[in-house]
Participant: 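What follows is a structure written as structure tokens; I'll ask about it next.
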Amino acid sequence: MYEQPITIRYGTFVCTLYDISNLMELPLANVRKLWKAMLSADYQNRDIIQQIRDWLPANVENLEKRAQYLQGTLQHAEQETERLRREVAVFGSAATKKQKAAHSAARRKQRIIEKAVTTAKADCTKAQKLQAIFNELFKN
């Protein structure tokens, strides 16, 4: 829905983003400058402003859902890791290599999911900041 390129114009300045979600990759200061230029020439960028206004809430909602899903996945991975840890602990030094390897693999998977959760939460926070910046600049 939002994969079409957007072109922001301000006098002789032209900026083309090939995907609106690339705004998430830019530093906030650059996005603020870009949006100031875009809103200064609102007559040239009317369609783009509407696209961004529609995209921002949908982006925040999608990222919040993703963070919640990953949080649930993390809880499941933690439970599985704890189950395997207890299984290895019950057998102590008599635990098989297979049991120890399963526990080790579960711990690795849990760390990967923890990193994904951290990234998803950071993306969600950034999307909320983008929306706040846009709303602040749009009101002025």
Side-chain angles (χ1 to χ4, degrees):
M1 180 176 176
Y2 296 109
E3 286 89 24
Q4 62 185 0
I6 60 170
T7 302
I8 297 171
R9 301 178 194 288
Y10 178 65
T12 58
F13 171 77
V14 177
C15 175
T16 300
L17 294 172
Y18 294 102
D19 185 4
I20 197 168
S21 61
N22 287 342
L23 288 170
M24 290 293 294
E25 306 300 321
L26 296 174
L28 292 175
N30 292 1
V31 173
R32 183 183 296 270
K33 289 176 189 175
L34 186 64
W35 285 348
K36 279 184 181 179
M38 177 183 68
L39 292 170
S40 294
D42 60 347
Y43 56 91
Q44 289 178 321
N45 300 305
R46 187 172 297 125
D47 295 337
I48 304 304
I49 292 170
Q50 188 59 45
Q51 276 184 317
I52 292 173
R53 189 182 300 153
D54 293 343
W55 173 77
L56 283 169
N59 185 44
V60 170
E61 183 179 334
N62 289 340
L63 290 173
E64 285 175 349
K65 286 179 183 177
R66 182 171 183 263
Q68 289 173 355
Y69 171 76
L70 287 173
Q71 188 66 36
T73 305
L74 177 62
Q75 288 174 352
H76 178 70
E78 287 172 343
Q79 291 169 355
E80 181 65 16
T81 303
E82 182 62 19
R83 184 189 66 76
L84 290 170
R85 185 197 65 77
R86 287 181 181 180
E87 183 179 303
V88 169
V90 164
F91 288 102
S93 61
T96 65
K97 288 183 180 181
K98 187 176 179 181
Q99 289 171 322
K100 291 178 182 178
H103 177 246
S104 180
R107 282 196 333 232
R108 279 194 301 275
K109 180 180 175 184
Q110 181 182 346
R111 281 190 225 115
I112 290 170
I113 295 172
E114 285 173 351
K115 288 179 185 177
V117 167
T118 303
T119 303
K121 287 181 179 179
D123 287 347
C124 186
T125 302
K126 184 167 184 176
Q128 290 169 345
K129 287 180 182 179
L130 285 176
Q131 188 169 17
I133 290 169
F134 184 81
N135 291 340
E136 172 191 324
L137 292 174
F138 193 74
K139 287 179 183 177
N140 293 334

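Since we're looking at a predicted model, the values are computed, not measured.
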Participant: When you look at D47 and Q51, which way does the side chain to side chain contact (heavy atoms under 4.5 Å, CB included) test go after all the steps?
Facilitator: CA-CA 6 Å; D47 295 337; Q51 276 184 317; 5.7 Å; no

Participant: Quick one: hydrophobic cluster around L74, which other residues, with the 4.5 Å side-chain cut-off, linked directly or via members?
Facilitator: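 The other cluster members (ILVMFWY side chains, heavy atoms under 4.5 Å, direct or chained) are Y69, L70, I113, V117.
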
Participant: Nearest 0.5 Å, please: how far is NZ in K121 from CD in Q68?
Facilitator: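 It comes to 10.5 Å.
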
Participant: So which atom in N45 and which in T7 form the shortest heavy-atom distance, rounded to 0.1 Å?
Facilitator: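 That would be OD1-O, 3.9 Å.
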
Participant: Using every non-hydrogen atom in the two residues, find where K126 and M24 come nearest and quote the distance to one decimal.
Facilitator: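 Closest approach of K126 to M24: NZ-O, 2.9 Å.
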
Participant: Rounded to the nearest 0.5 Å, what separation is found between the CD1 atom of I48 and the CZ atom of R46?
Facilitator: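 Spacing of CD1 (I48) from CZ (R46) equals 12.0 Å.
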
Participant: Where do I133 and R32 come nearest, in terms of heavy atoms and distance?
Facilitator: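 Looking at all heavy atoms of both residues, the shortest contact is CG1-NH2, 3.5 Å.
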
Participant: Run the numbers on L34 and I8 for side chain to side chain contact (heavy atoms under 4.5 Å, CB included), then give the verdict.
Facilitator: CA-CA 8 Å; L34 186 64; I8 297 171; 3.7 Å; yes

Participant: Using 0.5 Å steps for rounding, measure from the CE atom of M38 to the CZ atom of F138.
Facilitator: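 If we round to the nearest 0.5 Å, M38:CE and F138:CZ are 8.5 Å apart.
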
Participant: Restricting to non-hydrogen atoms, name the atom on W35 and the atom on I52 that form the minimum distance, rounded to 0.1 Å.
Facilitator: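 Looks like NE1-CD1, 3.7 Å.
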
Participant: In terms of hydrophobic clustering (I, L, V, M, F, W, Y; side-chain heavy atoms under 4.5 Å; direct or indirect links), are V60 and I49 co-clustered?
Facilitator: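 The answer is no; the residues belong to distinct hydrophobic clusters.
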
Participant: Mind checking the CG-CG spacing from N62 to D123? Nearest 0.5 Å is all I need.
Facilitator: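 The distance works out to 12.0 Å.
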
Participant: Do you know the tightest heavy-atom contact between Y10 and A41?
Facilitator: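 Taking every non-hydrogen atom into account, CD1-CB, 3.7 Å.
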
Participant: If you apply the rule salt bridge (charged side-chain N to carboxylate O under 4.0 Å, His left out), what do you find for R111 with E114, and how did you get there?
Facilitator: CA-CA 5 Å; R111 281 190 225 115; E114 285 173 351; over 6 Å; no

Participant: Looking only at heavy atoms, what is the nearest atom pair of A127 and L63, with distance?
Facilitator: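 Smallest interatomic distance, heavy atoms only, reads CB-CD1, 3.6 Å.
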
Participant: Distance alone, cut at 3.5 Å: any donor-acceptor contact between the side chains of Q50 and D54?
Facilitator: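 Yes, D54 and Q50 have a side-chain donor paired with an acceptor closer than 3.5 Å.
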
Participant: Output the distance between atom CD (Q110) and atom OG1 (T73), rounded to the nearest 0.5 Å.
Facilitator: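 The OG1 atom of T73 is 12.0 Å from CD of Q110, to the nearest 0.5 Å.
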
Participant: Which residues satisfy the side-chain contact (heavy atoms from CB on, under 4.5 Å) test with V90, sequence neighbours excluded?
Facilitator: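 Once residues adjacent in sequence are excluded, V90 has no partner under the side-chain contact (heavy atoms from CB on, under 4.5 Å) criterion.
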
Participant: Go through it in stages, so that I can follow the logic: the residues are S104 and R108, the test is side chain to side chain donor-acceptor pair (under 3.5 Å), and I'd like the CA-CA distance, side-chain angles, deciding distance and then a yes or no.
Facilitator: CA-CA 6 Å; S104 180; R108 279 194 301 275; 3.0 Å; yes

Participant: Which residues pass the side-chain contact (heavy atoms from CB on, under 4.5 Å) test with T96, not counting sequence neighbours?
Facilitator: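 With sequence neighbours excluded, T96 shows a side-chain contact (heavy atoms from CB on, under 4.5 Å) to K98, Q99, given in chain and number order.
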
Participant: Heavy atoms, side chains only, cut-off 4.5 Å: are R83 and E80 in contact?
Facilitator: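 With C-beta onward as the side chain, the pair touches.
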
Participant: What's the separation between atom CG in L26 and atom NZ in K33, rounded to the nearest 0.5 Å?
Facilitator: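 Rounded to the nearest 0.5 Å, the CG-NZ separation comes to 11.5 Å.
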
Participant: Is it the case that one hydrophobic cluster holds both L84 and I112, taking links as side-chain heavy atoms less than 4.5 Å apart, direct or via other members?
Facilitator: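 Unlinked, L84 and I112 end up in two clusters.
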
